[in-house]
Amino acid sequence: MNNIIQLVWLVPLFPLIGFLINGLGRKNLPKSLISIVGCGTILASFIVCVLIFNEVRKGNTQTVRLFDFISYDKINIPFAFLVDQLSSLFLLIITGVGFLIHVYSTAYMHDEETEHFGRYFAYLNLFIFSMLLLVLGSNYLIMFIGWEGVGLCSYLLIGYWFKNDEYNNAANKAFIMNRIGDLAFLIALFWIISKLGSLTYSDVFIKADTLSKADLIVITLLLFVGATGKSAQIPLYTWLPDAMAGPTPVSALIHAATMVTAGIYMIARSNILYTLAPVTQTVIAVIGLATAILAATIALKQNDIKKVLAYSTVSQLGYMFLGLGVGAYTGAVFHVMTHAFFKALLFLGAGSVIHAIHNVQDIRFMGGLRKYMPVTHITFLLGCLAIAGIPPFSGFFSKDEILMGAYSVNPVYFTIGVIGALMTAFYMFRLYATTFLGKFRGTPEQEHHLHESPAAITIPLIVLAVLAVVGGFAGIPALFMEGGHSLGAFLAPVFAGSEKIKTSHHLSHQVEWILLIISVVVALVGVIAAYIRYSKKPDLQDASGLGKLLENKWYVDQVYDALLVRPSQALGKILGTIVERSGVDWIVNGVGRSIQYGSRQVRLLQSGQVGNYILLMVASILIFFALQFFFKK
Amino acid sequence: MNAIILSAVLGVVMMFSGIFLKSGNAVRIIAISGLIILLGSNLAELYGFPFFNVNTRNMLVFNSFALVFNTIAFVSTLVYFLLSGRDIMHVGANGSDYFALLFFVLCGVSIASSYNTLLMLFLGIEIISIPLYILTGSDKKNLKSNEASLKYFLMGAFSTGLMLMGIALIYGARGTFSLEGMSIASTPGLNPLLIAGLLLLIISMSFKVSAAPFHFWTPDVYDGAPTVFTSFMATIVKVAGFIAFLRLFDGAYGQMGAQWQLLIAIITAATLFIGNITAVFQQSVKRMLAYSSIAQAGFMFFALFGFNDLAKEGLLLYSAAYSLSTIGIFAILIKMKDYTFEGFNGLAKHQPLLAGTNAIFLLSLAGIPLTAGFTAKFYMLASAIKNGTHFWLVIFAVFCAAISVYYYFRVIQAMYFKDGEEQSISVTSGFKWGLVFIAVAVVVLGIFPQWLFTKLYF
Amino acid sequence: MIPVLLIAIPLLSGLALFLLKQPDGAKNTSLMSTVVTLIVSLIGLVVVKSQESLGVNIDWIPALNSHFRVELDGMGQILCLLTAISFPLIFVATYRNQYKDANRFYALMLLSQAGLMGVFLAKDALLFYFFWELALIPVYFLCSIWGGEKRIPVTFKFFIYTFVGSLLMLVAIIYIYFQANQSFAIESFYALKLSSRTETWLFWLFFIAFAIKMPIFPFHTWQPDTYEQSPTAVTMVLSALMVKMGVFGLIRWVVPVLPVGTFLWGDTVTTFAVIGMVYASLIAIQQDDLKRLVAYSSIAHMGLMCVAIFATTKSGMQGVMIQMFNHGINILGLWIVINAIEQKLNTRKMSELGGLAQKAPGLAILLVVVALANIALPLTNGFVGEFLMFNGMLSSTATKYNVVFTAVAGLSIVLAAVYTLKMIQRVFLGNTNALTAGATDISVNTKVALLVIVVLIFMGGIYPKPMLSVTNDLSDVILSRMNLKY
Amino acid sequence: MSVTQLLFWFLSVLALAGALMVVTSKNLIYSVLYLIITFFAISGHYILLNAQFLAIVNLIVYAGAIMVLFLFVIMLMNLNSDVEPQKKKWLKVAGALAGGCLFLVMVAALKDADYKNQVAQTREGDIGLIGNLGMTLFNDYVVPFEISSVLFLSAMVGAVVLGKKE
Amino acid sequence: MPINYYIFVAISLFCIGVIGVLTRRNSIIIFMCIELMLNAANLLLVAFSKMHHAAYLADRTSTPSNGTDGQLFVFFIMVVAAAEVSVGLAIIVMLYRNTHSVDVNFLNRLKN
């Protein structure tokens, strides 16, 4: 095996095979076999990914060209994979976390009928395949294929329980909102083609500085709009909370760990373009920050365990975009990684809880689960600490790096970011406290059935908890340890181009220390406040005032409904009934009607009386004479 | 000359056959065989074997155009005799006389296709018209037939008056009746006598070919006349009128075509409009066909409007296409009990062959490709477009053609898409073969129209 | 020889079926005939390379200097292949449908196939017109005899509408014929140079004919009604093949013949097409009848093709050519699904359906694939075409408003997702009701047909290179005419 | 004013007056008689133009045969003079107006014909004599002459077909 | 006489005939008026014939014929008129037998 990278096509191939086997054999294969195929293929991919990662660490990056995909005129878009630091890192995250979640799923989904069990794993494998395409593609088009593919899988998995129309609506919403973003993404691609004649990253990035300012801004903004769709940012974020309709492992994998970070991957990948377009960067930073705050406020008042986590995801994604917006690409990617660990952990933990109390998701009917589910409790707590940014858990390092970067660009970003971090700590520990502390508030029957989850569930939890705890050490800031940021060093070649252009001023150590302490203190305040407020007496009464506003998610869904959905439906109805029927078609039929009417009138000339006929003839003769003699020059 | 003499003689023969033969079938067979002889002799002349050598003093000129047209007319008549011969005998007691009159009309048709002086035109038109007045009224007990006959006669005579006045004025201007003499090239400068005369001549010829606004007699006469004779009038006679008209243009108007173009364009447009739009509302298929014949006349008028080589070929093709299709439709219509559109309901189920051939004829009249009707319309449009002026007329004609689809397809819809009670239609196998023959001819002419013209260029 | 066979096989077998007295063997005979046609067309595509075997040119009407000239070129290859594939698929998929007078039904279907082949092959304007109508007439009869309740007025409107259009086209053809020295040959049409005024009105005469056929807003109103009323097998022919005649006509007979007209009026046409895309998509969202939904979706798709043509870029042109094939395949798949549902449950109303995925998972999966291809998801064939077309639109230099057009047309992509997902949800997802509870999965023949379609969808989506290379030269030829003039 | 002119005016006035009376008189028999007067006047014109043959034929065929046929039919039908229903007033006015306009238009159209100064030969010229016409008729015009027999034949057959009782 | 006079008289006669046709309802009178129109044409033809004859006598090359044909045409018109009258009256008689009317507006079944 002289060059494992050339075999990179194996990585997406395994999940594809798994998809085909499970998809076609879902009726005939036993569950055990389906599980083995589902998990095994991902494991195989993971192993290959690890090998590739090793190779890449040696500095070996390659483009693997498979076949010509679309080529016309002078433009050639090959089906090719790019293996470099960034993609190999993502490969690891995807296959690694993916594998754990597959394992988890075998237990979580065990109650499903075989056929649907098989379908579930087929979808999941297809998702991994698409996600791998997304990160592996050596050009924007392959990325787009994966981009849409993961959207499709997300749609399929959100609507997995397709008998429930609410879930189907959520699935549709997710797909359509993604499509809006995808459209922008696609137009950006066309723009790139028409300006640069290629979609391959290397070509585009090399020629990027030949683009005019306006072109750069348009392209980057359009790409960013695509990212807002996929990564749930303002204004296209509302699908993500609804997407919690899917099975919890799906939420963990797709809507927390991997798919939603595709936007970050894409922007990190195109970092040069963004660095060249500071206007867009500002937009991204502002939107990211706004999303982070908005989602955090909503999360404060949610009672559905998964909804809280979903808004927290949106909020965290906002932080990542803030990082991208301020040029802290490494930080953003770092946060993607850590977030993948702890958010997957949290979701899986939530899933474990839901599994234990039979599909109850409202935290008001939980409480005191600490006793019954120790492993879940501990791991969930670790996850909460990580996301809250308590050192030395992983979230602390990555979030801190982003906030540092934000401060270096604009202290206001930092300030708002810290407020968001406060809220994050608060709502996470509100969630933790209401769920695990206090007394159980559900029915006695539920209480009777409460138990710790099986090993297939707890083992992934433990693994992820470990990762969530230690994951941050991949990027220890220079403040603590010179050269401790091994991730930054690893990714440096990817962002080298941007670093050259960027005119960032490094913060002094003192400032860094101060900022660090501020954020830690704020996080602790949030944790403690939430603990005090909710550990004993969770709030069960309905909210009012601002609380109600938050509970109803700022009424954003309703506003969208009133401003976009309803008008377009009404417009469709008007067009379909009024314009189409009594407008266009009426005119078309009107031609026919007027001919019939004319027929009825003209035939009256044929009065049946010879005298009239001859009179008319003589009149015509007169006219002809006049025409021929008097109206000719 | 063969055709003129033989048809006159055959007319006389038919007159006497009624006296000597009591069986209607025998009369019919004589008529058919006589027509075959007539056709044969005409073909003989076409191929260069004139039987009679008469010095016509340049009053009749038998060029290939005339002879080809005669052939078309005779073939159409032959088909007509074959399909509707029995029905001719059923109109009244004087079967043989009807045949005699039809032969006299054919004599007039042959004159009208080959005249070279206005005198022969006048005689030809009258020889066509007078038997038709009679045939229209031949269903004597039927008031509709009477009415039609009277209307036809009065208006026909009126138009004869116009024509004679026109001829007199032309004579005043030119001092001769021959077409060459009328040609403007021989003496330069137009004078009002000539223009007025030609105008009156155009008007009276328009009357004969039922062009609007001189078409008023057509629907009533076609509707009132016994259906068999309507078939003959609407096809062979009308087409002969156009051939005569075209010859007139050839001789008299050719060099000053532009002078008349606007007028012809107006007549064409009016004819297309009146014919098509009025046909839309008709309830009786027979009356619809009358209006359709006006509409078709509008298209044939394009030959006069365009007036180039395409127009002449096209008019021949049009006569063949239009005559054959219309004869076929009428032959089927005669067999129907009910002349309304509803009468055709469900015909396809009970009489698939009749319905099928009828559909082909209707498609041909509507000008759908693969039928002769399309190629004919194509030639007409092409000649007008080649002419290059008054382009609006072409577009207008196209819309009118689309309207025509409406009423032709109503019959097809009734036959194929609607259910109706079974009618007892008794047809002989000969009748069916005749229909099939016409249908094949219509389709073949639709795909290889040049077969008709090969004789024109020998 | 190949092109003649492509026309003659369906024509002769169609005529033979007419003469057949019993309707028994008609189904199998016609299926056989179409399979043979398919094989011939594949031979023409893969095996035969010599120009002589791909073209025939004999005198037809010498008096008019018209020739029976048929040739297989790039676009012809693709569309003939589509025609050749579609018919066996239609016959297989509707194998269980029963028709009265089956022999006539299949005979007319085969005749329309012959007409379509002729349209795609003809290189003589008059011949093209002949086939154009020949394809229409059988379809008119098919719809009117075997159609739904309101079939007669609806198909009649359709017929007259298209007939008006084609007559206008005929006028234009005749005019150009005289301008081109009395020749109908496509080369002499291409060699013409006309004044911009002349080109303008010729352009509109042609365009209206093709716009009605495609159909482009606002000439589209015949379409939903006709699709709704036609028997599904005929709807398949109409939407998979006949609407392509309009696109095909634009590419072959308008853009290269009238480059100045195309250039001058491209913006106007594009505006209408773009409006129509959004308009049709919005209406499609509101439809309850599956056939109407697909009909409006088809209008939107055809609008996109029209826009891409008038962008007059290489990418757009190739995209359109490919998309003609792809859209044909995709919509065929949709109709097969609808036919299966209608045959099984006797309804096409989405409000009466639901939960079919539980009862007919096979059908559901196949439909989802087809539907996704219809909304151009990557790796399906629809994506390749739409990608190229949108790319062509945006990079168009023929218009100043390319960005606006692209953006508004892009809306229809989003809307397409809306109505397609709505359809999937209303028909297949959710709970079963009284009607759908008794449903069973699809029969083997439907499954086979759909599987073939799915395979074609992925083939076209993953490896479009063969199609791109087939269309490459022809689009160069067409666009080279555009460059001549401005 | 010469005798010729005098005769011309007299005959013209007579013909026109007769024609007007044909149109206006209520009684059918009177109309026929006025028409005969008109024909006589026209025959007089022919004689004035030295077209004796036509003058005689006109009298024999028109005034004699045709008008007698008319009278015969009228008598046969025993039509009363007041049987004829009148047309609507406005139709009559419109008809007269249309005819009058036609007259005006034709006169206006022909008034500046360049044959203005041409003269129709009166009282001399021998082409109208029977010998002259006969020679031409049976030489140059023999074909139309024969063909007109077809016309008569068909008219005869027609009269029989229509007149015969069944 | 100057030819204008004849033209004037003939047109007058012709138009009187037309007026008669337009204003009367009796088919026999209408028919007679048509005869009047024919006679107007006849008169004109004879006049023209004599005019051309005069021109012919003055200059034999100025006109294509000596005027005989005009008079012969009149003869043929009379022939035709006679035939037409016989047929026309036969039609009128037939109608009268069936309806006992010669009014042209009496029968009005064929219209529209």
Side-chain angles (χ1 to χ4, degrees), chain D residues 4-5 8 12 15-16 19-20 22-23 28 31 35 38-39 42 45-46 49 51 54 57-58 61-62 65-66 69-70 73-74 77 79 84-85 87 92 95-96 98-99 102-103 106-107 110 115-116 118-122 125 127-128 132-133 136-137 141 144 148 151-152 155 158-159 162-163, chain E residues 1-9 11-13 15-20 22-26 28-29 32-33 35-36 39 42-43 46-51 53-55 57 66-68 71-72 74-76 78-87 89-94 96 102-103 105:
Chain D
T4 315
Q5 277 170 318
F8 173 82
S12 299
L16 292 178
L20 273 175
V22 172
V23 175
L28 206 49
S31 283
L35 189 58
T38 309
F39 286 158
I42 289 171
H45 269 303
Y46 291 164
L49 288 162
L54 284 182
V57 171
N58 198 36
V61 174
Y62 264 116
I66 293 180
L69 201 57
F70 268 100
V73 167
I74 291 166
M77 291 177 183
L79 288 172
E84 187 189 356
K87 274 196 174 176
K92 275 188 147 175
L102 186 67
F103 176 71
M106 285 183 86
V107 167
L110 300 178
Y115 281 80
K116 216 178 269 185
Q118 298 264 6
V119 170
Q121 209 181 24
T122 44
I127 50 163
N132 231 323
L133 284 178
T136 325
L137 184 60
Y141 281 74
S148 59
L151 198 66
F152 276 113
L162 292 181
Chain E
M1 292 298 295
I3 195 69
N4 272 7
Y5 290 23
Y6 283 103
I7 294 176
F8 180 78
V9 170
I11 289 178
S12 309
L13 266 179
C15 289
I16 290 169
V18 170
I19 291 171
L22 290 177
T23 49
R24 300 302 294 261
R25 282 177 66 169
N26 187 321
I28 294 177
I29 295 208
M32 291 196 312
C33 292
E35 293 301 324
L36 213 51
N39 268 281
N42 286 354
L43 178 59
V46 175
F48 279 136
S49 142
K50 291 301 282 185
M51 178 188 88
H53 186 63
L57 290 178
N66 64 357
T68 323
Q71 299 208 9
L72 279 174
V74 175
F75 171 74
F76 282 107
M78 288 175 180
V79 166
V80 170
E84 218 171 52
V85 165
S86 65
V87 171
L89 287 176
I91 291 171
I92 292 172
V93 169
M94 175 183 72
Y96 185 78
V102 289
D103 179 8
N105 285 0

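All values below come from the heavy atoms of this structure, side chains included, with hydrogens, waters and symmetry mates left out.
Contact count against chain D (heavy-atom pairs under 4.5 Å) is highest for E:A47 among E:G17, E:A47, E:A55. Contact count versus chain E (heavy atoms, under 4.5 Å) is highest, among D:G95, D:G158, D:A159, D:A15, for D:G95. Of all the listed residues (D:T4, D:L20, D:I74), the one sharing the greatest number of non-hydrogen pairs under 4.5 Å with chain E is D:L20. Among the candidates E:V46, E:I92, E:V87, the residue making the largest number of heavy-atom pairs closer than 4.5 Å to chain D is E:V46. Taking E:T68, E:N39, E:L13, E:V85 one by one and counting their heavy-atom pairs under 4.5 Å with chain D, the maximum is reached by E:N39. In terms of non-hydrogen atom pairs under 4.5 Å with chain D, the most contact-rich of E:G20, E:A83, E:A81 is E:A83.
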Report task. Starting from the C-alpha separation in whole Å, work towards a yes-or-no answer on side chain to side chain contact (heavy atoms under 4.5 Å, CB included) for D:L133 and E:F75. Result -> CA-CA 10 Å; D:L133 284 178; E:F75 171 74; over 6 Å; no

**Report entry** Audit row: D:F103, E:I16, side chain to side chain contact (heavy atoms under 4.5 Å, CB included) steps and yes/no
**Finding:** CA-CA 9 Å; D:F103 176 71; E:I16 290 169; over 6 Å; no

Report task. Run the numbers on E:Y6 and D:L49 for side chain to side chain contact (heavy atoms under 4.5 Å, CB included), then give the verdict. Result -> CA-CA 11 Å; E:Y6 283 103; D:L49 288 162; 3.5 Å; yes

Query raised in the report: Please walk me through it: do E:C33 and D:V23 pass side chain to side chain contact (heavy atoms under 4.5 Å, CB included)?
Result: CA-CA 7 Å; E:C33 292; D:V23 175; 4.1 Å; yes

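For E:E84, there are no side-chain hydrogen bond (donor to acceptor under 3.5 Å, both in side chains) partners at least two apart in sequence or on another chain. With sequence neighbours left out, E:N42 forms a side-chain hydrogen bond (donor to acceptor under 3.5 Å, both in side chains) with no residue at all.
Contact annotation for D:L16: both backbone and side-chain heavy atoms come within less than 4.5 Å of a heavy atom of chain E. The part of E:V102 that comes within reach of chain D is its side chain, from C-beta onward, which places non-hydrogen atoms under 4.5 angstrom from that chain. If you measure heavy-atom distances from D:A65 to chain E, you find no contacts under 4.5 Å at all. Heavy-atom distances place the side chain of D:Y62, and not its backbone, under 4.5 Å from chain E. With a threshold of 4.5 angstrom between heavy atoms, D:T38 approaches chain E through side-chain atoms but not through N, CA, C or O. With a 4.5 angstrom heavy-atom cutoff, E:M94 touches chain D only via side-chain atoms.
The distance from the NZ atom of D:K92 to the CZ atom of E:R24 is 6.5 Å, given to the nearest 0.5 Å. For the atom pair CD1 (E:I29) and CG (D:L28), the distance works out to 5.0 Å, reported to the nearest 0.5 Å. Distance check: E:L43 CG to D:S12 OG gives 7.5 Å after rounding to the nearest 0.5 Å. Note that CD1 of E:I7 is 6.0 Å distant from CG of D:L110, once rounded to the nearest 0.5 Å. Distance check: D:L102 CG to E:L22 CG gives 9.0 Å after rounding to the nearest 0.5 Å. Rounded to the nearest 0.5 angstrom, E:H53 NE2 and D:I127 CD1 are separated by 5.0 Å.
Here the shortest heavy-atom pairing between D:S148 and E:F76 reads OG-CE2, 4.1 Å. Contact record, D:Q121 with E:K50: O-CE, 3.2 Å, taken as the closest heavy-atom pair. Listed here is the closest heavy atom pair of D:G128 and E:Q71: CA-OE1, 3.2 Å. The two residues E:S86 and D:L69 have their closest heavy-atom pair at CA-CD2, 4.3 Å. E:I3 approaches D:A120 most closely through the heavy-atom pair CD1-CB, 3.9 Å. Shortest non-hydrogen contact noted between E:A82 and D:V61 is CB-CG1, 4.3 Å.
At distances below 3.5 Å, not a single donor-acceptor pair connects side-chain atoms of D:Y141 with backbone N or O atoms of E:L72.
Side chains of E:V9 and D:F8 form a contact here, defined as non-hydrogen atoms less than 4.5 Å apart.
In the displayed structure, E:F8 atom CZ is contacted under 6.0 Å by at most 12 heavy atoms of other residues, nucleotides or ligands.
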